[in-house]
Asker: 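Provided herewith is a single structure, encoded as structure tokens, for subsequent inquiry.
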Amino acid sequence: MDDKTRLELYRVMVLSRTYEEAILREYHADKKPAFDIRAGLVPGEMRRETGLGRGRGGHMHLFDPQTHFSCSGIVAEGLPPATGQAFAFQRQGSDRVAVAFTGEGAANQGAFHESLNLAALWKLPVVFVIEDNEWAISVPREASTAVSSNADRAAAYGMPGRRIEDNDVEAVYAAAGDAVARARAGEGPALIEVHTVRLWGHFEGDAQGYRPDLADVPGRDPIPAYEARLAEAGILNAGLARGIKEEAAARVEKAIEFAKSSPLPAPETALEYVFA
Ligand SMILES: Cc1ncc(C[n+]2csc(CCOP(=O)(O)OP(=O)(O)O)c2C)c(N)n1
Ligand SMILES: [Mg+2]
């Protein structure tokens, strides 16, 4: 992998983290001293009229036609629409590939198995990505899943399955490239399971009393680990890392200012975009 791509991976990781930390800060800003879920800038999960959900839905109900992104609040329900989208791409003769992301807990839902079966049967251009963060809210993987790697399940549907351990971003990048190339070549779907660590609670305010591994969590953070790997390879130094972080912070702060200065949805429009 070339240096430019490796730095780009680092940039995306930093931008994502910077965004999450900024949202965390804004979410908690006016909820103190005692945590009041109704108070402050983000009472619940809505944002503003200019947001993807136009202030009418939370983080689970986003749709962005520009980047062809959508999500669902129903666990595993992103998979059938991705499979359907891949079917549309195939019929259109397009070289586009659908990608569905889901959790390791979701891999026990019926929708997961139905999607994989149909996608493999019809050789659809879709990549299924499972993020194994070891927890489904408070349920550890071994309490819900009979196999230790969901990638093993791919064989049952006649598609390749790959599991990548311990936040190896470069291995994820390579596996994604292989899966997309395979889909584009008409060879059908692939499954990638990415093993990671859940750094925070399932939701803000989750005290995680059920987690025996909490003390180990900070040491498993992928960002300092990748920083060290790139520094060792002579690609990243402290100055460049600082620059990338400052650039990410400026971009995120600008977006937050835009959100704060955007109007709230007008109450009389509450029934717009509702099917009845
Ligand atoms: C069909 C359905 N059942 C239950 C829930 C409640 N729920 C929300 S997240 C979650 C756990 C999901 O775990 P996992 O798939 O591992 O994803 P993670 O949260 O770890 O990313 C559950 C059970 C839901 N949203 N949809
Ligand atoms: Mg999980």
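These numbers come from a predicted model, not from an experiment.
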Asker: Using side-chain heavy atoms (C-beta onward) and a distance below 4.5 Å, is Ser138 in contact with His202?
Answerer: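 Not in contact.
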Asker: Do you know the tightest heavy-atom contact between Val14 and Thr18?
Answerer: O-OG1, 2.6 Å
Asker: Can a salt bridge be assigned to the pair Lys260 and Glu253 using a cut-off of 4.0 Å between side-chain N and carboxylate O?
Answerer: no
Asker: Please step through side-chain contact (heavy atoms from CB on, under 4.5 Å) for the pair Trp200 and Leu24, ending with a clear verdict.
Answerer: CA-CA 11 Å; Trp200 283 286; Leu24 194 64; 4.0 Å; yes
Asker: For Ile130 and Phe112, what are the C-alpha separation, side-chain angles and deciding distance, and is it a side-chain contact (heavy atoms from CB on, under 4.5 Å)?
Answerer: CA-CA 10 Å; Ile130 302 176; Phe112 173 86; 3.7 Å; yes
Asker: Do other residues, nucleotides or ligands put more than 12 heavy atoms under 6.0 Å from Arg25 CZ?
Answerer: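 Counting neighbours around CZ of Arg25, more than 12 heavy atoms of other residues, nucleotides or ligands fall under 6.0 Å, so yes.
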Asker: First locate atom CZ of Phe63, then atom CG of Leu52, and finally report the distance between them rounded to the nearest 0.5 Å.
Answerer: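 Answer for the CZ-CG pair, Phe63 versus Leu52, is 9.5 Å.
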Asker: Is the backbone N or O of Asn150 less than 3.5 Å from a side-chain atom of Glu193, with the two atoms forming a donor-acceptor pair by type?
Answerer: yes
Asker: If you define the side chain from C-beta out and look only at heavy atoms, does anything of Val126 sit under 4.5 Å from Val97?
Answerer: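 Side-chain contact under 4.5 Å: no.
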Asker: Roughly how far apart are Met159 CE and Phe128 CZ, rounded to 0.5 Å?
Answerer: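 If I round to the nearest 0.5 Å, the distance is 5.5 Å.
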Asker: CZ of Arg184: more than 12 outside heavy atoms within 6.0 angstrom?
Answerer: yes
Asker: What about Val129 and Leu191, same hydrophobic cluster or not, with Ile/Leu/Val/Met/Phe/Trp/Tyr joined at side-chain heavy-atom distances under 4.5 Å?
Answerer: no
Asker: State yes or no: do Val42 and Ile37 share one hydrophobic cluster built from I, L, V, M, F, W and Y residues joined by side-chain heavy-atom distances below 4.5 Å, directly or via other members?
Answerer: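 Same cluster.
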Asker: Would you call Lys254 and Glu257 a salt bridge, taking side-chain N to carboxylate O under 4.0 Å as the test?
Answerer: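 Salt bridge flag = no for Glu257 with Lys254.
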Asker: Report yes or no: do Leu199 and Ile164 belong to one cluster of Ile/Leu/Val/Met/Phe/Trp/Tyr joined by side chain heavy-atom distances under 4.5 Å?
Answerer: no
Asker: Which atom pairs, one a donor and one an acceptor, fall under 3.5 Å between side chains of residues 77-85 and the rest of the protein, sequence neighbours left out?
Answerer:
from: Thr83; atom 1: OG1; to: Leu79; atom 2: O; distance (Å): 2.9

Asker: Would Lys31 pass as a cation-pi partner of Tyr27, given that its NZ or CZ must be under 6.0 Å from the six-membered ring centre and within 45 degrees of the axis?
Answerer: yes
Asker: Quick one: pull up CG in Leu230 and CD in Glu170 and give me the separation to the nearest 0.5 Å.
Answerer: 6.5 Å
Asker: Please determine if Arg56 and Glu49 form a salt bridge, counting it only when a charged side-chain N lies under 4.0 Å from a carboxylate O.
Answerer: yes
Asker: Spell out, as yes or no, whether a donor-acceptor pair under 3.5 Å connects the side chain of Gln90 to the backbone of Trp122.
Answerer: yes
Asker: Asn108 pairs by side chain to side chain donor-acceptor pair (under 3.5 Å) with which of Arg141, Arg153, His113?
Answerer: Arg153
Asker: Partners of Glu165 by salt bridge (Lys or Arg N to Asp or Glu O under 4.0 Å), sequence neighbours excluded?
Answerer: Arg163
Asker: Could you give me the CA-CA distance, side-chain angles and deciding distance for Glu8 and Arg11, then say whether salt bridge (charged side-chain N to carboxylate O under 4.0 Å, His left out) is met?
Answerer: CA-CA 5 Å; Glu8 191 52 32; Arg11 249 190 215 103; 3.3 Å; yes
Asker: Would you say the side chain of Glu187 lies within less than 4.5 Å of the side chain of Lys123, judging by non-hydrogen atoms?
Answerer: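 The answer is no, as the side chains (C-beta and beyond) never meet within the 4.5 Å cut-off.
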Asker: Taking the side chain as every heavy atom from C-beta outward, state whether Ile235 and Leu240 have any atom pair closer than 4.5 Å.
Answerer: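 Not touching, per the 4.5 Å side-chain cut-off.
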Asker: Distance check, rounded to the nearest 0.5 Å: Asn133 atom CG versus Glu104 atom CD?
Answerer: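 Asn133 atom CG to Glu104 atom CD measures 5.0 Å (nearest 0.5 Å).
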Asker: With a 4.5 Å heavy-atom cut-off, do Asp132 and Thr196 have their side chains touching?
Answerer: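 No. Closest side-chain heavy atoms not under 4.5 Å.
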Asker: Between CE of Met13 and CD1 of Ile244, what distance do you get to the nearest 0.5 Å?
Answerer: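 Separation between the atoms: 11.5 Å.
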Asker: Do you reckon Leu121 sits in the same ILVMFWY cluster as Phe87, going by side-chain contacts under 4.5 Å, direct or chained?
Answerer: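 Yes, because Leu121 and Phe87 connect within a single hydrophobic cluster, where side-chain heavy atoms sit under 4.5 Å apart.
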Asker: For a quick test of reading the model, state the closest non-hydrogen atom pair linking Pro265 to Gly55 and the distance between them.
Answerer: CG-O, 3.8 Å
Asker: Go through Arg242 and Glu247 one step at a time and tell me if the salt bridge (charged side-chain N to carboxylate O under 4.0 Å, His left out) criterion holds.
Answerer: CA-CA 9 Å; Arg242 200 178 327 113; Glu247 197 181 297; over 6 Å; no
Asker: If you measure from CZ on Arg211 to CH2 on Trp135, what distance do you get to the nearest 0.5 Å?
Answerer: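 The CH2 atom of Trp135 is 6.5 Å from CZ of Arg211, to the nearest 0.5 Å.
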Asker: So, do Tyr210 and Gln208 sit near enough that their side-chain heavy atoms are less than 4.5 Å apart?
Answerer: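 Answer yes - side chains close enough.
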Asker: Taking the side chain as every heavy atom from C-beta outward, state whether Phe258 and Arg48 have any atom pair closer than 4.5 Å.
Answerer: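 A side-chain contact under 4.5 Å is absent here.
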Asker: Any idea which heavy atoms bring Ala179 and Ala190 closest together, and the distance?
Answerer: CB-CB, 3.8 Å
Asker: Below 4.5 Å, heavy atoms only, C-beta onward: do Tyr173 and Arg6 meet side chain to side chain?
Answerer: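 Not touching, per the 4.5 Å side-chain cut-off.
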Asker: For residues Val194 and Ile223: do they belong to one hydrophobic cluster (side chain heavy atoms under 4.5 Å, members Ile, Leu, Val, Met, Phe, Trp, Tyr)?
Answerer: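 Hydrophobic grouping puts Val194 apart from Ile223.
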Asker: Output yes when a side-chain donor or acceptor of His195 lies under 3.5 Å from a complementary backbone atom of Asp166, and no otherwise.
Answerer: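 Yes; judged by distance alone, with no hydrogens or angles, the pair exists.
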Asker: Taking all non-hydrogen atoms of both residues, which atom of Ala86 and which atom of Leu124 are closest, and how far apart?
Answerer: CB-CB, 3.9 Å
Asker: Walk me through it: do Arg38 and Asp36 pass the test salt bridge (charged side-chain N to carboxylate O under 4.0 Å, His left out)?
Answerer: CA-CA 6 Å; Arg38 301 162 306 174; Asp36 179 354; 3.3 Å; yes
Asker: Would Val252 and Leu15 count as a side-chain contact (heavy atoms from CB on, under 4.5 Å) here? Give the steps.
Answerer: CA-CA 8 Å; Val252 167; Leu15 181 63; 4.0 Å; yes
Asker: If only atom types and distance count, is the side chain of Asp168 paired as donor or acceptor with the main-chain N or O of Ala171 below 3.5 Å?
Answerer: yes
Asker: Should Thr269 and Arg54 be marked as a side-chain contact (heavy atoms from CB on, under 4.5 Å) after you check the CA-CA gap, both sets of side-chain angles, and the distance that decides it?
Answerer: CA-CA 11 Å; Thr269 66; Arg54 300 202 176 194; over 6 Å; no
Asker: Of the non-hydrogen atoms in Gln109 and Val75, which two are nearest, and what is the gap between them?
Answerer: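 So the two residues come closest at NE2-O, 3.5 Å.
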Asker: For Glu227 versus Leu236, what's the shortest heavy-atom pair and its separation?
Answerer: CG-CD2, 3.6 Å
Asker: Is a donor on one side and an acceptor on the other found under 3.5 Å between the side chain of Thr145 and the backbone of Glu142?
Answerer: no
Asker: Is the closest basic N to carboxylate O distance between Asp206 and Arg198 below 4.0 Å?
Answerer: yes
